[in-house]
Amino acid sequence: MSHLSMDWFRAHIARCVDAGHRSRWGPSWLLVGLLLVAAGPAQADVLVTDVIFSPRSDGQGYVVRVRTTGSPEAYMLQPEQARELKWVLYNTTLHADYDKRAPAGPVEDYTVTQQNGHLILRVTLTSDRSISPTAYRDGASDDVLLNLAYDDAPPVASGAASSPASTASASSPSAADAPTAARTEQRRRDPMATLSRERSRLDTVVIDPGHGGKDPGAVAHGLYEKDIVLDVAHKLGEYVENRLNLEVVYTRTDDRFIALEERGHLANRRGGDLFISLHANAFQSASVQGTETYFLGRSKTDAARRVMKQENSVVREYEENPDRYDEYDAEAFVKGELFLSASMQFSEEFASIVQNQFKERVQRRSRGVHQAGFYVLWSASMPSVLVELGYLTNRQEARFLNSDRGQTYLASAIFRAVRKYKNQYNKGIVSSE
């Protein structure tokens, strides 16, 4: 019996906010569960009207289309057992006129149920094919799609005539077919085997210059955080784009205000593989200096909570609809209502690489890697970090941050971190093929 290819589950089974995402990095990872949990049943305003099964035009799988009256704000796809998938559409419910269709293709059976204001679609797959499932949004409508891609060659029909060439190929794969056959066999033996390199490659980096427009960020010694981080962002983007041949997406390229939640959503829509939010710090004591890098998680120190509150205060001061962040309440981590997704492990690894580059390459004082519930990281469905480049309230560090030399050094350090992360990422893909 075949199994699901569940490497897509490695990176972040739990965070599919605003976009489905490609499979992730291979060898070392952590399976940790659900991230988005509401405090109580939410009022569903998106209705599911139909579930449709269609073969892919290339014949390499099937697509399950969930027709909706609006775009579900979030969803999560995860395996239940070897041949079962659980797909949760948050704050979504069934339309009164919904009528269940018969399953088709590799779907043996499915159920659609309601729980706590969320819709749960459970899919049981047939045992004759090896499947790689991926959930994503339809770019032309509000529908959400489940792509069930075949990993293996189609089964030979019983009693079908075979030419000598096809018979030889079936019993003894050619050299050209051997890698594919080996990978297929590996997937059958190991359901955690990585997908093909082409489908897993890290190719898009999203750079988020914090603050902007009416939100200046930290202000000290006549300097504005929003200006400093924008300059560093442009330098970093040029390095990554020109030297690593990766696509770079900016959440802003000029002095404009963008809501924190929208920054993560933009990264999702553009298919980001790594999200880097740049900031500069401030403190009441002018002697404090150094760099810090954060990933999303439960705040463990008073200092981390202070920085988190400082950055998150933007929503109350400048955003028009701050109440939408109520469900993002960082206290949910403390209460145990949220669990970190596997992508957080990769975020922590990248954050460590960044801090090491700051310390070793730029000789900046490292204030370490920390975790906290930053809103700007919460909505990004990918490994994400928030980088504090230094303290504007420290006069000496402020001069460094405002200088072309300092900004070049900082951008170069983060670039080196991206390069190392990319090499590890792609090495993990290759080694598991």
Side-chain angles (χ1 to χ4, degrees), residues 207-212 215-237 239 260 275-297 299-314 317 330 347-377 384-418 420-421:
I207 301 175
D208 171 46
H211 308 278
D215 172 20
V219 179
H221 304 298
L223 302 177
Y224 295 91
E225 177 183 358
K226 65 175 183 177
D227 299 329
I228 300 292
V229 297
L230 183 60
D231 290 341
V232 175
H234 284 307
K235 285 182 168 63
L236 171 60
Y239 293 150
L260 295 185
F275 182 85
I276 306 171
S277 187
L278 300 177
H279 294 261
N281 222 326
F283 194 60
Q284 57 189 8
S285 173
S287 63
V288 176
Q289 61 180 313
T291 62
E292 306 164 37
T293 304
Y294 292 84
F295 64 99
L296 185 65
S299 302
K300 295 184 177 180
T301 67
D302 290 339
R305 281 187 284 273
R306 177 189 61 79
V307 176
M308 178 192 71
K309 291 178 180 179
Q310 182 173 301
E311 298 294 352
N312 288 350
S313 65
V314 168
E317 293 181 35
S347 301
E348 182 178 8
E349 291 184 23
F350 178 65
S352 297
I353 297 173
V354 171
Q355 279 304 114
N356 184 66
Q357 289 294 330
F358 282 151
K359 181 179 179 181
E360 300 298 329
R361 296 285 183 175
V362 196
Q363 285 75 55
R364 309 309 297 168
R365 178 182 177 184
S366 174
R367 300 180 63 85
V369 173
H370 308 280
Q371 57 189 63
F374 293 101
Y375 293 153
V376 70
L377 301 182
S384 310
V385 298
L386 185 146
V387 181
E388 294 285 0
L389 299 169
Y391 282 76
L392 287 179
T393 43
N394 181 288
R395 187 175 295 276
Q396 181 180 359
E397 193 155 66
R399 284 197 296 268
F400 180 81
L401 291 169
N402 192 44
S403 68
D404 182 71
R405 173 177 171 272
Q407 292 173 6
T408 298
Y409 279 2
L410 291 168
S412 177
I414 302 174
F415 156 74
R416 289 174 180 272
V418 173
K420 183 174 182 178
Y421 177 84

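Note that the coordinates shown come from a computational prediction; the quantities given were computed from them, not determined experimentally. The residues of the chain are indexed from 1 along the displayed sequence.
Looking only at side-chain heavy atoms (C-beta outward), Leu389 and Ile414 come within less than 4.5 Å of each other. Looking at heavy atoms from C-beta onward, Phe295 lies in side-chain contact with Val369 at the 4.5 angstrom threshold. Residues Glu388 and Tyr294 form a side-chain contact, since some pair of their non-hydrogen atoms from C-beta on lies under 4.5 Å apart. Using a 4.5 Å cut-off on side-chain heavy atoms (C-beta onward), Leu392 and Leu401 make contact.
Of all the heavy atoms in Asn281 and Ala218, the pair that sits closest is O-CB, 4.1 Å. Of all heavy-atom pairs spanning Ser366 and Gln355, the tightest one is OG-NE2, 2.8 Å.
With rounding to the nearest 0.5 Å, the separation of CD1 in Ile228 from NE2 in His211 is 12.5 Å. Rounding to the nearest 0.5 angstrom, the gap separating the NZ atom in Lys235 from the CD1 atom in Ile207 is 12.5 Å.
The aromatic rings of Phe400 and Tyr409 lie tilted to each other, with the angle between the two planes from 30° to 60°.
A donor-acceptor pair shorter than 3.5 Å cannot be found between the side chains of Glu292 and His370.
Remark: the backbone N or O of Glu348 is paired with a side-chain donor or acceptor of Ser352 at under 3.5 angstrom.
Under the salt bridge (charged side-chain N to carboxylate O under 4.0 Å, His left out) criterion, Arg364 pairs with Glu397, not counting sequence neighbours.
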